[in-house]
Amino acid sequence: QVLNLLTDFASASLIDYKDWSAEDLSAARQRLTIMILHHYLIVAEKDGVVIGMIGAMQEQDPWIASRSRLREMFWWVTPAFRRGRLSVELYLRWETDCERFILDKLVDQVSLSTQPSSSDVDLSKRGWRCVENHWIKE
């Protein structure tokens with residue numbers, strides 16, 4: 001179910017992934033397994049069906065070797081469930097987990113992105129700082 005949501009996310013993303021091959025799906029499944037075992041993946045479900053997810057990977061800061069961050073790789077909720085209770089609960093759990101990771105000194109920083117073309121989410125009210133938007137040329 002998570003892999004299916006990942007392909008939905010990728011198809012709707014700014015990068016516009018389409019036409020996944022069997023090899024692509026196999027590699028994505030392996031990377032999801034690594035994310036689950038060694039990084040971070042949380043899902044929201046309704047009636048046993050996964051309707052949303054946030055996945056993140058811990059990475060070393062490229063400039064300061066002693067610092068690390070948890071960088072969100074995907075944040076996707078099935079459109080029918082966006083701005084609903086389950087979607088909000090997914091985000092709030094992510095935020096709580098991130099705060100705990102920082103307090104426990106597992107990471108120094110957490111980053112979260114939204115798609116500027118499709119999101120009006122303002123996280124500054126919750127203590128997040130906006131740094132930049134992404135520009136894509138194809």
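This chain uses plain numbering: 1 for the first residue, then up along the sequence. Below, all heavy atoms of this structure are taken into account, side chains as well, without hydrogens, waters or symmetry copies. The structure presented is a predicted model; accordingly, all values stated were derived computationally and were not measured.
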Closest contact, heavy atoms only, W75 versus E72: N-OE2, 3.2 Å
Heavy-atom closest pair, residues V2 and V50: CG2-CG1, 4.4 Å
Any residue meeting side-chain hydrogen bond (donor to acceptor under 3.5 Å, both in side chains) with Q30, in chain and number order, not counting sequence neighbours: none
Nearest-0.5 Å distance that lies between atom CD1 in I54 and atom CH2 in W76: 13.5 Å
Residues which pass side-chain contact (heavy atoms from CB on, under 4.5 Å) with T96, listed by chain and number, not counting sequence neighbours: none
ILVMFWY cluster, M73 and I34 together (side-chain gap under 4.5 Å): no
For L3, all residues meeting side-chain contact (heavy atoms from CB on, under 4.5 Å), sequence neighbours excluded: L6, L25, A28, R29, L32
Partner set under side-chain hydrogen bond (donor to acceptor under 3.5 Å, both in side chains) for D24, not counting sequence neighbours: S21
Spacing of CD1 belonging to I51 relative to CZ belonging to F81, to within rounding of 0.5 Å: 5.5 Å
Sequence neighbours excluded - side chain to side chain donor-acceptor pair (under 3.5 Å) pairs with any residue from residues 44-53: none
Show the atom names and distances, to 0.1 Å, of all donor-acceptor pairs under 3.5 Å that link a side chain in residues 63-71 to residues at least two apart or in another chain.
unit_1	atom_1	unit_2	atom_2	d
S68	OG	Q58	NE2	3.3
R69	NE	Q109	OE1	3.0
R69	NH1	E59	OE2	3.3
R69	NH2	D61	OD2	2.8
R69	NH2	Q109	OE1	3.4
R71	NE	E59	OE1	3.1
R71	NE	E59	OE2	3.3

Salt-bridge present (E89, R93; N to O < 4.0 Å): no
Minimum-distance pair of heavy atoms, taken over all atoms of L41 and G55: CD1-CA, 3.8 Å
ring-ring contact (aromatic ring centres under 6.0 Å, His included) against Y40, all qualifying residues, sequence neighbours excluded: W94, F101
Side-chain heavy atoms of D97 within contact of R100, under 4.5 Å: yes
Residues in side-chain contact (heavy atoms from CB on, under 4.5 Å) contact with S87, at least two apart in sequence or another chain: V77
Set of residues satisfying side-chain contact (heavy atoms from CB on, under 4.5 Å) with respect to R31, sequence neighbours excluded: none
